[in-house]
Amino acid sequence: ILNFVLVFFIKIKTMIFKGMFKMREGISYFKKTIWVIGFIILVNLSLDFSTQLRKTANAEFNPVPVLWFDVIAPILLGIYIAILLVKKWSININYALLWCVAAPCLLLLLTYPTLATLSTYEILPESFSYEFTINWLFKATVSTPIVFGIVAGMTLTLSLFSNHSNATK
């Protein structure tokens, strides 16, 4: 395997020197390869941390940290995926994307863990946790927190670093 990797890098080096790749394209490929390696590391760490957190929650009978992790991890994943899509790293806010997509997704995603945390520590009355809206939020967001989290993270990043010229109008 090491021999294969060395031969691969030698071939890429000769292709760059022969002009088959422009130097800028070589850097672009390198950045995307580094991104994929970082993505694999992020997913692996996330799965390991999730397993450890679930074991601790089962031992302590406290599901609140697991609820928060199930919300925060997809948001971070969405932000990491959006890194590929941002072309210019200057703050140029797209208010339509921020307020019409990112904010509602974040609000829906963060509502149930917040209410669960407040009811666990007996700050909310217990009868409030059986309301229709709470059950609807549970069905809507907890069944698919990964989708809401990835969409929220991606749109939050893309709305802050928008590439559209009419984003600030």
**OP:** Tell me who clusters with Ile41, hydrophobic residues only, linked when side chains sit under 4.5 Å apart either directly or through other members.
**Re:** Ile37, Leu45
Original post:
Is the closest side-chain heavy-atom distance between Leu110 and Phe148 below 4.5 Å?
Top reply: no
**OP:** Quick one: pull up CG in Leu53 and OG in Ser46 and give me the separation to the nearest 0.5 Å.
**Re:** 10.5 Å
Original post:
Looking at side-chain heavy atoms only, is the closest gap between Ser50 and Phe69 below 4.5 Å?
Top reply: yes
Original post:
Does a side chain donor of either Trp99 or Ser159 reach within less than 3.5 Å of an acceptor in the other side chain?
Top reply: no
Original post:
Just how far is it from atom OG1 of Thr155 to atom CG of Asn94, taken to the nearest 0.5 Å?
Top reply: 10.0 Å
**OP:** To the nearest 0.5 angstrom, please state how far the CD atom of Gln52 sits from the CG atom of Asp48.
**Re:** 9.0 Å
**OP:** To the nearest 0.5 angstrom, please state how far the NZ atom of Lys87 sits from the OG atom of Ser162.
**Re:** 10.5 Å
Original post:
Going hydrophobic residue to hydrophobic residue with side-chain gaps under 4.5 angstrom, can you get from Ile146 over to Leu109?
Top reply: yes
Original post:
Considering all heavy atoms of both residues, which atom of Thr117 and which atom of Pro113 are nearest to each other, and what is their separation?
Top reply: OG1-O, 2.7 Å
Original post:
Do Lys32 and Val36 have side chains that get closer than 4.5 Å, going by heavy atoms?
Top reply: no
Original post:
Hey, are the side chains of Leu160 and Leu158 touching, using non-hydrogen atoms and a 4.5 Å cut-off?
Top reply: no
Original post:
Does any pair with a residue in residues 62-77 pass salt bridge (Lys or Arg N to Asp or Glu O under 4.0 Å), and if so which ones, sequence neighbours excluded?
Top reply: Arg54-Asp70
Kindly list each side-chain donor-acceptor pair under 3.5 angstrom involving residues 71-86, sequence neighbours excluded, with atom names and distances?
{"residue": "Tyr80", "atom": "OH", "partner": "Trp35", "partner atom": "O", "Å": "3.0"}
{"residue": "Tyr80", "atom": "OH", "partner": "Phe39", "partner atom": "N", "Å": "3.4"}

**OP:** Measure the shortest side-chain to side-chain distance between Phe161 and Ile93 over non-hydrogen atoms and say whether it is less than 4.5 angstrom.
**Re:** no
Subject >> Val66 versus Ala57, closest heavy-atom pair with distance >> reply: CG2-CB, 3.5 Å
**OP:** Using a cut-off of 6.0 Å, state whether more than 12 heavy atoms not belonging to Ile91 lie near its atom CD1.
**Re:** no
